[in-house]
Amino acid sequence: MIQELIKFKKISDSRGELVAIEGGKSIPFDIQRIYYITQLNPSLPRGYHSHTDLKQVMICLRGSCKVILDNGKTRNEVLLNDCSSGLFLGENIWREMHSFTSDCIILVLANRFYDPSDYIRNYDDFLKHMKSMSNG
Ligand code: TYD
C-alpha cells in the first residue's frame, strides 16, 4: 500500500467538533500553500498528474471522494470521507480523484508554492520519470 493516512485529533463537545493541524507537527512538513476544491462535478475526475518536488496532505472536509495513488508499480484506491484524516501525497505519486459526492469539499495543504513546471501531466512521461529515477 502506498497511501499514508494521517489521523488528526478531533476535539468534540456539545458545540461541535474542532480539528487543528500544525505544520511540522501533525503533518510532516511546513505548510506554504493551502487550497481547497469545491463545486465538484461527480462525473468529472481530477488530478491525473504527479509532482517531482511537492508534498501534500489532502483532507475531505465534507462528503466523500476516491483517490487513486500510483507509484508506477502499485496502484491503490483510498476513500476519503473523514475530515479528521489526511491523505499524505509525497513526491512522484500519480493521483486521480473521482466519485465526488455533490457536497464534497477537499482541502489540500502543501509544502511549496504553486509551480506549474513541477507537474507531470502525462502518464507515460510519469512512468518514464519513475524508470529513470530507479535507474539511478
Ligand atoms: P490542478 O492542479 O490541475 O487541479 P486538480 O489536480 O484538482 O485537477 O489545478 C487546476 C487549475 O488551478 C490549474 O489551472 C492550475 C490552477 N492552480 C493554481 O493556480 N494554484 C494552485 O495552487 C493549484 C493547485 C492549481
Side-chain angles (χ1 to χ4, degrees):
M1 299 294 264
I2 51 177
Q3 81 263 10
E4 192 181 320
L5 275 176
I6 303 172
K7 195 79 195 139
F8 306 122
K9 189 176 165 200
K10 200 188 267 185
I11 301 162
S12 309
D13 61 33
S14 54
R15 299 167 300 167
E17 294 181 340
L18 183 153
V19 175
I21 299 169
E22 295 183 318
K25 288 188 178 177
S26 29
I27 58 166
F29 53 77
D30 288 331
I31 300 163
Q32 201 161 45
R33 176 166 53 116
I34 296 172
Y35 63 93
Y36 44 89
I37 311 173
T38 61
Q39 308 292 329
L40 285 146
N41 184 327
S43 55
L44 290 181
R46 302 186 66 115
Y48 294 85
H49 65 257
S50 67
H51 295 277
T52 48
D53 184 23
L54 183 69
K55 294 181 174 62
Q56 294 179 300
V57 169
M58 186 179 285
I59 303 160
C60 183
L61 292 183
R62 186 180 209 173
S64 68
C65 67
K66 290 178 180 167
V67 186
I68 292 170
L69 304 174
D70 183 331
N71 63 6
K73 289 188 173 145
T74 312
R75 216 162 226 253
N76 298 138
E77 186 171 74
V78 192
L79 173 70
L80 291 187
N81 62 357
D82 171 12
C83 66
S84 63
S85 286
L87 177 65
F88 178 72
L89 293 159
E91 293 89 352
N92 299 313
I93 298 290
W94 181 267
R95 79 286 311 268
E96 299 171 11
M97 295 106 82
H98 66 98
S99 300
F100 310 106
T101 55
S102 53
D103 60 346
C104 183
I105 296 177
I106 297 171
L107 175 71
V108 183
L109 315 173
N111 75 328
R112 299 247 181 273
F113 292 128
Y114 173 62
D115 175 6
S117 71
D118 183 55
Y119 280 71
I120 299 177
R121 289 196 178 272
N122 176 286
Y123 189 68
D124 287 339
D125 292 344
F126 167 70
L127 291 179
K128 277 183 208 146
H129 174 71
M130 296 310 281
K131 208 168 175 188
S132 71
M133 287 215 326
S134 63
N135 290 339

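As the structure lists them, so they are numbered: ligands from 1, and atoms in each ligand from 1. Sequence positions, counted from 1, serve as the residue numbers for this chain. Any value given below was found using the heavy atoms of this structure, including those in side chains, with hydrogens, waters and symmetry copies removed.
- Ordered by chain and residue number, the residues placing a heavy atom less than 4.0 Å from ligand 1 are Arg33, Tyr35, Ile37, Arg46, Gly47, His49, Met97, Tyr114, Tyr119, Arg121.
- A donor-acceptor contact closer than 3.5 angstrom links the side chains of Thr52 and Asp118.
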Atom pairs and distances, side-chain donor-acceptor, residues 97-105, under 3.5 Å, sequence neighbours left out:
| from | atom 1 | to | atom 2 | distance (Å) |
| --- | --- | --- | --- | --- |
| His98 | NE2 | Glu77 | OE2 | 2.7 |
| Thr101 | OG1 | Ser64 | N | 2.9 |
| Thr101 | OG1 | Ser64 | O | 3.4 |
| Thr101 | OG1 | Asp103 | OD1 | 2.6 |

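- Of the candidates Arg75, His49, Lys66, Glu96 forms a side chain to side chain donor-acceptor pair (under 3.5 Å) with just one, namely Arg75.
- At a threshold of 4.5 Å between non-hydrogen side-chain atoms, the residues Asp70 and Phe126 count as touching.
- Side chains of Ile6 and Ile21 form no contact here, defined as non-hydrogen atoms less than 4.5 Å apart.
- The side-chain heavy atoms of Asn111 and Ile27, taken from C-beta on, include no pair separated by under 4.5 Å.
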